[in-house]
A.B. asks: 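Got a structure here, written out as structure tokens. Questions coming.
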Amino acid sequence: MILIAITGASGVTYGVELLKALKDLEIETGLLISDPGKLVLKYELGIDSDDKLEEIKALADYYFEANEIDSSVNSGSFKFDAYVIVPCSMKTLSSIANGYADNAITRVADVALKERRDLVIVPRETPLRTAHIENMLKISKEGGVILPAMPAFYHNPENLEDMTNFIVGKILDVLKIDNDLFKRWNK
């Protein structure tokens with residue numbers, strides 16, 4: 001199972017498109033969305049009703065409330081293969097880097113690091129201040145992968161979907177999941 005969290009940073013489309021790609025690949029997923037993430041879904045994708053939010057939740061096999069600290073997903077005994085936080089806000093990044101697991105999103109990241117499971121963080125902020133970079137370094141030193149949402153242009157993207165698919169494809173690459181979401185270098 002791959003767990004995905006959507007937090008309150010710009011770029012929620014990356015999380016939604018990752019869910020769709022994993023569903024198409026028939027890979028089991030779990031989803032967590034922070035309250036600020038729900039606000040950004042509203043602003044960026046027009047997810048402004050409970051019905052539309054339920055459609056996003058339905059892309060995953062399981063949904064876990066981000067504020068339920070007693071949920072099964074918070075335990076090291078809960079089995080998952082990888083955890084992707086996409087997009088990852090700087091608040092969430094800081095909480096993870098500093099061991100402040102005050103909700104399910106940050107607690108699952110804590111579990112991933114302590115259990116040595118794959119953790120992929122997709123920060124979406126610019127410019128970065130020193131504290132942001134230092135927090136990314138802390139997570140990287142513990143085995144987490146920092147995959148900034150920095151689209152490339154060598155594949156000649158024609159639209160936003162191409163640019164989004166580049167990042168989603170890179171996430172799948174890090175998870176060692178074959179995909180053809182973007183044109184690879186020099187092909």
Side-chain angles (χ1 to χ4, degrees), residues 1-34 36-38 40-47 52-64 66 73 79-90 92-93 96 105 108-109 112-113 117-126 128 132 136 139-140 143-187:
M1 175 187 302
I2 296 176
L3 297 173
I4 298 163
I6 296 174
T7 69
S10 183
V12 292
T13 190
Y14 296 122
V16 172
E17 293 304 316
L18 178 60
L19 280 165
K20 290 177 182 177
L22 291 169
K23 188 173 192 71
D24 288 346
L25 293 167
E26 298 181 359
I27 294 174
E28 185 179 40
T29 57
L31 175 64
L32 301 96
I33 307 173
S34 70
K38 291 174 186 173
V40 180
L41 282 165
K42 175 183 175 181
Y43 292 127
E44 292 186 354
L45 299 181
I47 309 299
K52 287 183 181 179
L53 185 58
E54 290 304 315
E55 289 175 22
I56 299 296
K57 291 177 183 179
L59 293 171
D61 297 293
Y62 304 95
Y63 181 76
F64 305 96
V73 74
K79 295 297 181 191
F80 63 93
D81 300 302
Y83 184 35
V84 182
I85 304 175
V86 55
C88 184
S89 69
M90 291 301 112
T92 300
L93 180 83
I96 296 164
I105 290 174
V108 173
L113 290 172
R117 297 182 192 163
D118 291 340
L119 173 65
V120 180
I121 304 285
V122 184
R124 232 308 303 138
E125 183 68 54
T126 193
L128 298 169
H132 300 152
M136 287 183 220
I139 293 169
S140 179
V145 173
I146 307 300
L147 195 154
M150 295 178 180
F153 297 92
Y154 61 77
H155 63 295
N156 297 312
E158 295 179 8
N159 51 43
L160 288 175
E161 182 180 358
D162 289 349
M163 296 176 77
T164 300
N165 283 341
F166 177 83
I167 297 301
V168 172
K170 287 293 192 176
I171 294 167
L172 294 173
D173 284 353
V174 167
L175 297 173
K176 298 175 183 69
I177 298 171
D178 289 333
N179 72 89
D180 59 358
L181 289 177
F182 65 98
K183 182 182 172 200
R184 299 193 181 269
W185 173 253
N186 211 14
K187 291 222 178 200

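Please read these numbers as outputs of a predicted model, since none were measured by experiment.
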A.B. asks: Measure the spacing between CG of Leu160 and CD of Glu17 and express it to the nearest 0.5 Å.
C.D. replies: 11.0 Å
A.B. asks: Does Ile167 form a side-chain contact (heavy atoms from CB on, under 4.5 Å) with Val86? I'd like the steps, not just the answer.
C.D. replies: CA-CA 10 Å; Ile167 297 301; Val86 55; 5.6 Å; no
A.B. asks: Could you tell me whether the side chains of Glu44 and Ser10 share a donor-acceptor contact shorter than 3.5 Å?
C.D. replies: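 The answer is yes; a qualifying pair exists.
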A.B. asks: Which heavy atom of Pro151 sits nearest to which heavy atom of Phe166, and what is that distance?
C.D. replies: CA-CD2, 3.9 Å
A.B. asks: With side-chain contact (heavy atoms from CB on, under 4.5 Å) as the test, would you mind laying out the steps for Ile177 and Ile2 before giving the verdict?
C.D. replies: CA-CA 11 Å; Ile177 298 171; Ile2 296 176; 3.6 Å; yes
A.B. asks: Determine whether Asp61 and Met1 satisfy the following criterion, side-chain contact (heavy atoms from CB on, under 4.5 Å), listing intermediate values before the conclusion.
C.D. replies: CA-CA 9 Å; Asp61 297 293; Met1 175 187 302; over 6 Å; no
A.B. asks: Looking at Tyr83, is Arg117 sitting on its ring face, NZ or CZ under 6.0 Å from the six-membered ring centre and within 45 degrees of the normal?
C.D. replies: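 No, Arg117 and Tyr83 do not form such a contact.
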A.B. asks: Once salt bridge (Lys or Arg N to Asp or Glu O under 4.0 Å) is applied, do any residues pair with Glu55, and if so which ones, sequence neighbours excluded?
C.D. replies: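 Salt bridge (Lys or Arg N to Asp or Glu O under 4.0 Å) list for Glu55, sorted by chain: empty.
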A.B. asks: Can you check whether Ile96 reaches Leu113 side chain to side chain, under 4.5 Å on heavy atoms?
C.D. replies: yes
A.B. asks: Could you state the interatomic distance from CG (Leu147) to CD1 (Ile85), rounded to the nearest 0.5 Å?
C.D. replies: 13.0 Å
A.B. asks: Check whether any side-chain heavy atom of Val84 lies under 4.5 Å from a side-chain heavy atom of Leu175, and answer yes or no.
C.D. replies: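 In contact.
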A.B. asks: Report yes if the side chains of Leu41 and Leu53 come closer than 4.5 Å at any heavy-atom pair, otherwise no.
C.D. replies: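 Answer yes - side chains close enough.
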A.B. asks: Indicate the atoms forming the closest heavy-atom contact of Gly8 with Ser34, along with that distance.
C.D. replies: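 What the structure gives for the nearest pair is N-OG, 3.5 Å.
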A.B. asks: Do the non-hydrogen side-chain atoms of Val108 and Phe80 ever get within less than 4.5 Å of each other?
C.D. replies: yes
A.B. asks: For atom OH of Tyr62, decide whether the heavy atoms of other residues, nucleotides or ligands shown that lie under 6.0 angstrom number more than 12.
C.D. replies: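 12 or below, so no.
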A.B. asks: Answer yes or no: is there a side-chain heavy-atom contact under 4.5 Å between Val122 and Leu18?
C.D. replies: no
A.B. asks: Can you pull the side-chain hydrogen bond (donor to acceptor under 3.5 Å, both in side chains) pairs that have at least one residue in residues 147-172, sequence neighbours excluded?
C.D. replies: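 Listed once each, the pairs would be none.
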A.B. asks: Measuring from Asp178:CG to Asp173:CG, what's the distance to the nearest 0.5 Å?
C.D. replies: 8.5 Å
A.B. asks: What's the verdict on side-chain contact (heavy atoms from CB on, under 4.5 Å) for Thr126 and Arg124, showing C-alpha distance, side-chain angles and the deciding distance?
C.D. replies: CA-CA 7 Å; Thr126 193; Arg124 232 308 303 138; 4.1 Å; yes
A.B. asks: I need the minimum non-hydrogen distance between Gly37 and Val12, along with the two atoms involved.
C.D. replies: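 Here Gly37 and Val12 meet closest at O-CG1, 4.2 Å.
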A.B. asks: Mind checking whether His132 and Pro123 have side chains closer than 4.5 Å, heavy atoms only?
C.D. replies: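 SC-SC contact between His132 and Pro123 ruled out.
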A.B. asks: Return yes when atom CG of Asp24 has more than 12 non-hydrogen atoms of other residues, nucleotides or ligands closer than 6.0 Å, and no otherwise.
C.D. replies: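 More than 12 within 6.0 Å, yes.
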A.B. asks: Flag the pair Val145 / Asp118 as yes when at least one side-chain heavy-atom distance between them is below 4.5 Å, and no otherwise.
C.D. replies: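 A side-chain contact under 4.5 Å is absent here.
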A.B. asks: Do Leu128 and Met136 have side chains that get closer than 4.5 Å, going by heavy atoms?
C.D. replies: yes
A.B. asks: So for atom NZ, which belongs to Lys42, do other residues, nucleotides or ligands contribute more than 12 heavy atoms lying within a distance under 6.0 Å?
C.D. replies: no
A.B. asks: Look up atom CD in Glu28 and atom CG in Leu22, then write down how far apart they are to the nearest 0.5 Å.
C.D. replies: 11.0 Å
A.B. asks: Taking atom OG1 of Thr92 and atom CD1 of Ile105, what is their separation to the nearest 0.5 Å?
C.D. replies: 6.0 Å
A.B. asks: Just how far is it from atom CG of Leu45 to atom CD1 of Ile6, taken to the nearest 0.5 Å?
C.D. replies: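 Answer for the CG-CD1 pair, Leu45 versus Ile6, is 8.5 Å.
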A.B. asks: Give the minimum heavy-atom separation between Ile139 and Leu93, together with the two atoms involved.
C.D. replies: CD1-CD1, 3.5 Å
A.B. asks: Give the minimum heavy-atom separation between Ala60 and Gly30, together with the two atoms involved.
C.D. replies: CB-C, 4.3 Å
A.B. asks: Check for a donor-acceptor pair, side chain of Ser89 on one end and backbone N or O of Thr7 on the other, with a separation under 3.5 Å.
C.D. replies: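 The answer is no, because no donor-acceptor pair under 3.5 Å joins these two groups.
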A.B. asks: How close do Ala58 and Lys23 get, counting heavy atoms only, and between which atoms?
C.D. replies: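 In this case the closest contact between Ala58 and Lys23 is O-NZ, 3.7 Å.
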